[in-house]
Amino acid sequence: VSDRTLRVAICVLAAAGAAIAAYLLYERWTGGPLVCSTGGCETVQQSKYSKIAGVPVVLLGLLAYVGIFVTGLLRTELARAVGAALAVSGLAFALYLVYVQNSKIHAWCQWCLASDAILAALAVLTVLRLLREPA
Amino acid sequence: MSKGARVRAQRVQAPQKRGGKVKTPSAPGQSGSRRNLYLGVIGAVVVLAAILVGASVLSNSGGSSKPPSSALAEVAATNRLLAGIPQNGTTLGDPKAPVTMQEFADIQCPGCDQYMRQAFPDIVKQYVRTGKVKVEWNGISFIGPDSETGLRYVDAAGEQNKLWNVAELLYRNQGPENSGWVTKDFLRSVGEAVPGLDADKVEANVQSSAVNRQMADAANQYTNYGFTQTPSFAIGPTGGTLVSFSPSAYNVGAFAPTFKKYLEQSKQ
């Protein structure tokens, strides 16, 4: 897989993740209803775990996706390292939030799970990109 | 070049001629630099993940293990109902609305809950959102300790002009009278469910002098009207004398004729 292919895939996935996070953030701030087939989206989004020290977790997610997107645009070694660090640490935190949904909130948010899947794919792609020999 | 050296050089070049990939042996410095890069990434991942998880655990510790918000119902419906309608302290609606209705309610009273569920949404849609009527909250606490705890939270939210969102959410999630349902966690989840409301600030202001004054004013007015139960209402022209009003039922139709009377008076 070429570096270009990896970068395109990373940017597309990061954009999709950012779109999900932006949607959740918009509905959170406007109080609008969430499209939700699992029935637990609002429960999760309104739970106390949806914030860290007053900052919405979904805002942190949006910033992380934007950061990963930007690293996908750049070809430097530092960008590859930062992209991988953001994606893998984001995935680790996402796994913790899956545990929280299952064990603490007892509700599932389909948007969060979709975001988790995107983060998992991004973690694989960014690590692959990092492990490649520099061009 | 000696024969042996030529042979070694051809062996090295051979894969390149076949178009195969060649991994150039990394220089010791380069290899060390990449190892440092990987170590840096691993370190950053560990630190970032630890900070995020740690901060989440810490900021959510100390509360009940019960997920407070999971029990909250009709958050979106409440926020939708009130979205875009001006709120100022205890008042919901256009300040220039020609008709004013005062509502006297205890957050634990089942009748108030019935009114808030069956009549209030339609009153908001047909009269408040259209700028015809403004509604003023006057919280009363006489049923028990949960009444005062909840009322203080509602009134404190009024300082951020979100009183009606909190009151409506409390009614839509009302528990049995004096069962201890108005817990700190429950109120926290209500506060966090209201867009634009700083729940920390509300918690900090529940015992404020402004809230004390608001509760005392409402209690005085309640007594002056001669009310003995909740919900009670007073309706009249904005800026004029409001008259106590007892609806025959908790639906918008029971309020409509009185609203119509004062709306027509305002046009004269």
Side-chain angles (χ1 to χ4, degrees), chain A residues 25-36 40-57 60-61 64 67 77-78 80-97 99-101 103-107 123 126-127 130-134, chain B residues 21 23-24 26 30 33-34 36-61 63-84 165 169 185 188-190 192-200:
Chain A
L25 196 60
Y26 173 78
E27 298 296 0
R28 181 187 186 91
W29 282 343
T30 59
L34 287 171
V35 175
C36 188
C41 300
E42 286 184 2
T43 301
V44 173
Q45 288 303 311
Q46 301 294 348
S47 78
K48 63 180 182 177
Y49 294 95
S50 69
K51 280 185 180 178
I52 294 179
V55 179
V57 168
L60 298 177
E77 191 85 343
L78 179 65
R80 302 195 308 182
V82 170
L86 281 175
V88 177
S89 54
L91 178 62
F93 186 54
L95 291 175
Y96 162 73
L97 292 177
Y99 158 76
V100 165
Q101 286 179 76
S103 306
K104 302 280 185 183
I105 308 175
H106 306 291
T126 53
V127 168
L130 177 70
L131 293 176
R132 290 171 61 89
E133 292 286 333
Chain B
K21 275 189 173 177
K23 282 203 171 179
T24 312
S26 301
Q30 205 178 355
S33 136
R34 285 190 69 75
N36 287 342
L37 182 72
Y38 295 153
L39 287 174
V41 169
I42 291 168
V45 166
V46 170
V47 170
L48 268 174
I51 287 174
L52 287 170
V53 174
S56 176
V57 170
L58 279 177
S59 69
N60 294 308
S61 64
S64 152
S65 60
K66 182 188 167 198
S69 296
S70 63
L72 266 195
E74 302 185 63
V75 173
T78 300
N79 291 333
R80 238 187 349 260
L81 176 70
L82 299 171
N165 297 68
L169 268 180
D185 276 349
R188 179 83 194 175
S189 67
V190 168
E192 288 180 346
V194 177
L197 183 72
D198 183 341
D200 291 333

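Just so we're on the same page: letters track the sequence lines, and every chain starts at 1.
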**Item:** Among the listed options B:Val53, B:Leu48, B:Ile42, the residue most often paired with chain A at heavy-atom distances under 4.5 Å
**Value:** B:Val53
**Most chain A-contacting option - heavy-atom pairs closer than 4.5 Å, from B:Val41, B:Asp198, B:Asn165** = B:Val41
**Item:** Partner set under side chain to side chain donor-acceptor pair (under 3.5 Å) for A:Tyr99, not counting sequence neighbours
**Value:** none
**Prompt:** Which one of B:Ile51, B:Val47, B:Val45, B:Val46 satisfies the side-chain contact (heavy atoms from CB on, under 4.5 Å) criterion with A:Ser89?
**Reply:** B:Val45
**Asked** Under the side chain to side chain donor-acceptor pair (under 3.5 Å) test, which residues partner B:Thr78, sequence neighbours left out?
**Response** B:Arg172
**Request:** Measure A:Leu60 against the heavy atoms of chain B and call it side chain, backbone, both or neither at under 4.5 Å.
**Result:** side chain
**Prompt:** To the nearest 0.5 Å, how far apart are OH in B:Tyr38 and CG in A:Leu131?
**Reply:** 5.0 Å
**Prompt:** If you take all heavy atoms of A:Tyr96 and B:Val57, which pair is closest and at what distance?
**Reply:** OH-CG2, 3.4 Å
